[in-house]
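Working notes, structure below.
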Amino acid sequence: MSYYKVENLEQYFKHYNKSIREPRKFWDRIADENFTWYQKWDKVVEFDMQEAEVKWFTNAKVNITKNCIDRHLAKRGNKTAILFEPNDPKEEAQHITYNELYDRVAKMANALSTLGIKKGDRVCIYLPMIPELAVSLLACARIGAIHSVVFAGFSASAVAARVNDSECKLVITADGGYRGNKTIDLKGIVDEALKTCPSVKDVLVVKRTGTAVNMVEGRDQWLQPLVDAEVPNNVAEIMDAEDPLFILYTSGSTGKPKGMLHTTAGYMVYSAYTFKNIFAYEENDVYWCTADIGWITGHSYIVYGPLLNGATTVIFEGVPSYPDFGRFWEVIDKHKVTQFYTAPTAIRSLAKEDWQWVDKHDLSSLKVIGSVGEPINEEAWHWYNDHVGKKKCPVVDTWWQTETGGIMISPLPFVTPTKPTYATLPLPGIQPVLMDERRNEIEDNQVAGALCIKFPWPGMARTIWGDHQRFKETYFSTFPGKYFTGDGALRDEVGYYRITGRVDDVIIVSGHNLGTAPIEDAINEHPSVAESAIVGFPHDVKGNALYGFITLKEAGAWRDHNNLRREINEHISSHIGPIAKLDKIQFVSGLPKTRSGKIMRRILRKIAEGDFSNFGDTTTLLNPEVVEEIKDGRIE
C-alpha cells in the first residue's frame, strides 16, 4: 500500500504541514492509491461544522469487505488473515487464511440474506472473542447491514437498551463464553434482554462452550447448520461512501448511551491509513491488539485496519492472568508477534507481578509496542518500555476515541522521539487545537486547554443514531465550528500533546468510558437509596476507579453499611455490568448542591482524591455544612 512514507522528524513536519495546507489533496491521494472502488468520488469532503454535517468521498461507491478480503486473494490467499488464540492454552490455535475467511464471510452473508436481513437493517452482535465475531462484522458489511457490537460483559438491560435504540432485527450470540477460569452465560443474558425487545425476529447461536441453553422456537437457531447450507461465494453489496457501516454505543454524560454512527468510505480509508503508519506494519508481521472487538479499538485495530492492509491479526479469547501472569508474553513468544497493542490497565496489573513472568519468554520478535484506552502513567510506561520492549521498541502511546474512528495523536515509530505520558504529535491530516474558557484558540506552546479538532477527518462519526441534535450539542456546540473531544490537554515546549483527562462526567476505568449518569440511575433504583453521585479517583491499576457518595432514604441508616454496599454493587453489575462496580462507597447525609439543585461534583472529586484544598466559596451552597461531614467520612 502506497501511503506517504515518513522516515524522520524533519520529513514528518514537512509532510504534516503540507497535509494541513492541502487536506483535500492529501486525503484524495491516500484514498485513490490504496483502495478498490466501484466508482470514484465527485468531492473529497463537504462539511458544515456549525451544523455537524460532514460527508467524505461524495458519491463514491465501495464495499469495505472487497478491500478487506477479495483484493488480497490473488497474492495473499494462503496467508493467515486471522490467528485465533483460545482462552485455554491447551486448545490449538486456529490459522484462518484469506481464502478461508472469504468462504466463511460469504457463507455467513448468504445465511443472513436467507433470513431476510438486507441493506440498512441493524444486527446486534453479542459474542465472545472468537473468529465468528470478526466473521459476523464482515458478513454484515458484505450485504450492507449495519452491525452493532455489544461488549459481551454487559448486562441484559444494557443489551436491551442498545437493541431497542437501533431496532435490531437479529441478534448473533453464543451458548457461552470463556473468560479465564469462568464461563459466561451469554445466551441466558440475551434471553433476558429480549423479553423487552420487540424488533428482534431471529437469534443465531454459536456453539462455543457446549453449555445447555434454552432455544426459543421460531426465533432461535444454531448458526453453524445455517452457514453450512450456504454456498461459499457472495456478490458484495455496492455501498455509497456515506452509507452506514456500524453503530457503536459509548457512555454518555446523560443516562442514555450514545449510538455513534460510522459510515463506509471515510472509516475504511482512515482505519487503514492509521494502522499502517502507527504500527509500521510490513508484509510478514504478526500483529496483536488485546482489546475486545466490542470496543472501537477492536473494530479499527483488530478487524478493519489490519485486514484492509492484508495483515495477520491475532484474536485472543483469554485474559492476561490465565492460566498465569505470563500469558501475554507466552502468546507473543509462541506466535512471534511483531506489534503488540494493549491498555495501560493491563500493563499496570502485570507490572505488579514478578518481572520473571516476562523475562522467561522470548520477546525478541517485537518491533513496536502500543498503549490505548487512556493516558499511560510514567511508571507503567517505563516498565512497558524496559521489560516488554527491551528499550528497543518504540512505544506508541495513542490518543483517540470511539467518535474519532481511529488514532489521532501518536508517535510514529522510528520517526517521533517518544516522551513518557505524552501522545506526542498529531497524525498528518489531523488539526488539533487547544481552546481557552473564552472559546479562543491558544496559539503558543507550554499551554493547556480544551482539546478540539478544527478540520474534519475521514474516520469521524457522522451522528448519534436517531439523535443528530444530541450529536451537534455534545461535540460541536461548546466550541462552535470545531469538534470538541471532551478532553483537556497540555502542549509542551516542542508542541507535544499530553491528554490530561475528561472535562465532563465520563470516567475512564480500565480503558472503558463509563458515564456517571447511567451508573447513578442504577444505584438510585435500589429501594434504600435516595440519591447518589459518582466521581473518579486515581487508581494504581485501573487508571481511575469509581467512588460513590450515596444518601439513603432513612435517616441514620447510612451508618450500617457492608451488606448495603454489596447489594448496591450487585445492582450496578446486573444493570450496567461488573466493570461499573464502585471501589468505594461512602454513605452521607446529603450531597453538596448549588441553590439551583446541581450537585457539585468538583468538590466530591477533590474529596475522593484526598485533596482538601481550594474548594472555592462553599457558603454559596445550599448545604455548606455537608462538605465537612463528607470530608471527615472519606474512605481511605
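Computed from a predicted structure; not experimentally measured.
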Next on the checklist: One pair to check against side-chain contact (heavy atoms from CB on, under 4.5 Å): Val150 and Ile125. What are the steps and the verdict?
Outcome noted: CA-CA 6 Å; Val150 178; Ile125 302 170; over 6 Å; no
Looking at residues at least two apart in the chain, or sitting in another chain, which of them share a side-chain contact (heavy atoms from CB on, under 4.5 Å) with [X]?
X	answer
Thr263	Glu242, Arg462
Ala545	Phe537, His539, Lys542, Asp583
Asn234	Ala106, Ala109, Asn110, Arg142, Ile143
Lys79	Arg76, Tyr98, Tyr281, Glu283, Thr312

If every non-hydrogen atom of [X] is compared with every non-hydrogen atom of [Y], which pair is closest and at what distance?
X	Y	value
Ala134	Ile82	CB-CD1, 3.9 Å
Ala291	Ile302	O-CD1, 3.2 Å
Leu363	His387	CD1-O, 4.1 Å
Ser136	Leu127	OG-CD1, 3.9 Å
Glu374	Gly543	OE1-CA, 3.5 Å

As a quick check of understanding, evaluate salt bridge (charged side-chain N to carboxylate O under 4.0 Å, His left out) for Glu10 and Lys14, giving each step before the final call.
CA-CA 6 Å; Glu10 185 183 353; Lys14 185 178 173 184; over 6 Å; no
With a 4.5 Å limit on heavy-atom distance, are the side chains of [X] and [Y] in contact?
X	Y	value
Met260	Ile247	no
Lys18	Arg21	yes
Leu137	Phe246	no
Trp399	Ile407	no
Leu350	Val388	no
Phe455	Ile453	no
Ser148	Leu248	no
Val337	Phe328	no

Rounded to the nearest 0.5 Å, the CG atom of Asn67 sits from the OG1 atom of Thr36 at a distance of 5.0 Å
_Run His262 and Tyr270 through ring pair (Phe, Tyr, Trp, His ring centres under 6.0 Å) and show every step you take._
CA-CA 11 Å; His262 284 277; Tyr270 198 69; 10.0 Å; no
Under the side chain to side chain donor-acceptor pair (under 3.5 Å) test, residues paired with [X] that sit two or more places apart:
X	result
Asn63	Thr65
Trp400	Tyr341
Lys390	Asp359

Please check: side-chain N/O of [X] versus main-chain N/O of [Y], any donor-acceptor pairing under 3.5 Å?
X	Y	answer
Arg71	Gly310	no
Asn8	Gln11	yes
Asn99	Gly77	yes
Thr97	Glu100	yes
Tyr384	Ile376	no
Lys392	Leu366	yes

request  = Before giving the answer on side-chain contact (heavy atoms from CB on, under 4.5 Å), spell out for Ile347 and Thr342 the whole-Å C-alpha distance, their side-chain angles and the decisive distance to 0.1 Å.
outcome  = CA-CA 8 Å; Ile347 297 164; Thr342 195; 3.8 Å; yes
inquiry  = One pair to check against salt bridge (charged side-chain N to carboxylate O under 4.0 Å, His left out): Lys367 and Asp285. What are the steps and the verdict?
reply    = CA-CA 9 Å; Lys367 298 197 294 192; Asp285 288 348; 2.9 Å; yes
In short, salt bridge (Lys or Arg N to Asp or Glu O under 4.0 Å) pairs touching residues 125-140 with sequence neighbours left out are Arg104-Glu132
Q. Could you give all pairs that pass the salt bridge (Lys or Arg N to Asp or Glu O under 4.0 Å) test and reach residues 299-310, with sequence neighbours left out?
A.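 Sorted pair list comes back empty.
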Throw together a table of side-chain donor-acceptor distances under 3.5 angstrom for residues 317-327, partners on residues two or more places apart or in other chains.
{"residue": "Glu317", "atom": "OE1", "partner": "Asn87", "partner atom": "N", "Å": "2.8"}
{"residue": "Glu317", "atom": "OE1", "partner": "Arg208", "partner atom": "NH2", "Å": "2.7"}
{"residue": "Glu317", "atom": "OE2", "partner": "Arg208", "partner atom": "NE", "Å": "2.9"}
{"residue": "Glu317", "atom": "OE2", "partner": "Arg208", "partner atom": "NH2", "Å": "3.3"}
{"residue": "Asp324", "atom": "OD1", "partner": "Gly326", "partner atom": "N", "Å": "2.8"}
{"residue": "Arg327", "atom": "NE", "partner": "Glu330", "partner atom": "OE1", "Å": "3.3"}
{"residue": "Arg327", "atom": "NH1", "partner": "Asn87", "partner atom": "O", "Å": "2.7"}
{"residue": "Arg327", "atom": "NH1", "partner": "Tyr322", "partner atom": "O", "Å": "3.4"}
{"residue": "Arg327", "atom": "NH2", "partner": "Glu85", "partner atom": "OE2", "Å": "2.7"}
{"residue": "Arg327", "atom": "NH2", "partner": "Pro86", "partner atom": "O", "Å": "2.8"}

Trp381 meets the ring pair (Phe, Tyr, Trp, His ring centres under 6.0 Å) criterion, sequence neighbours left out, with none
Classify the side-chain pair [X]/[Y] by whether it contains a donor and acceptor separated by less than 3.5 Å.
X	Y	result
Thr313	Tyr301	no
Tyr267	Ser300	yes
Ser410	Thr398	no

inquiry  = Can you tell me how the ring of His299 sits relative to the ring of His147, calling it parallel under 30°, perpendicular over 60° and tilted otherwise?
reply    = tilted
task = For side-chain contact (heavy atoms from CB on, under 4.5 Å), just list the numbers for Thr500 and Asp487, CA-CA rounded to whole Å, side-chain angles, deciding distance to a tenth of an Å, and then say yes or no.
result = CA-CA 7 Å; Thr500 52; Asp487 280 332; over 6 Å; no
For residues 413-429, which side-chain N or O atoms pair as donor and acceptor with protein atoms under 3.5 Å away, sequence neighbours left out?
{"residue": "Thr416", "atom": "OG1", "partner": "Leu412", "partner atom": "N", "Å": "2.9"}
{"residue": "Lys419", "atom": "NZ", "partner": "Asp492", "partner atom": "OD2", "Å": "2.8"}
{"residue": "Thr421", "atom": "OG1", "partner": "Arg498", "partner atom": "NE", "Å": "3.4"}

For Tyr287 and Phe275, what are the C-alpha separation, side-chain angles and deciding distance, and is it a ring pair (Phe, Tyr, Trp, His ring centres under 6.0 Å)?
CA-CA 10 Å; Tyr287 162 86; Phe275 171 80; 4.8 Å; yes
task = Identify which one of Phe57, Tyr304, Phe35 satisfies the side chain to side chain contact (heavy atoms under 4.5 Å, CB included) criterion when paired with Met268.
result =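 That would be Phe35.
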Exercise for review: Determine, step by step, whether Thr338 and Glu282 satisfy the side-chain hydrogen bond (donor to acceptor under 3.5 Å, both in side chains) criterion, reporting the C-alpha distance in whole Å, the side-chain angles of both residues, the deciding distance to 0.1 Å, and the verdict.
Suggested key: CA-CA 10 Å; Thr338 46; Glu282 293 175 336; over 6 Å; no
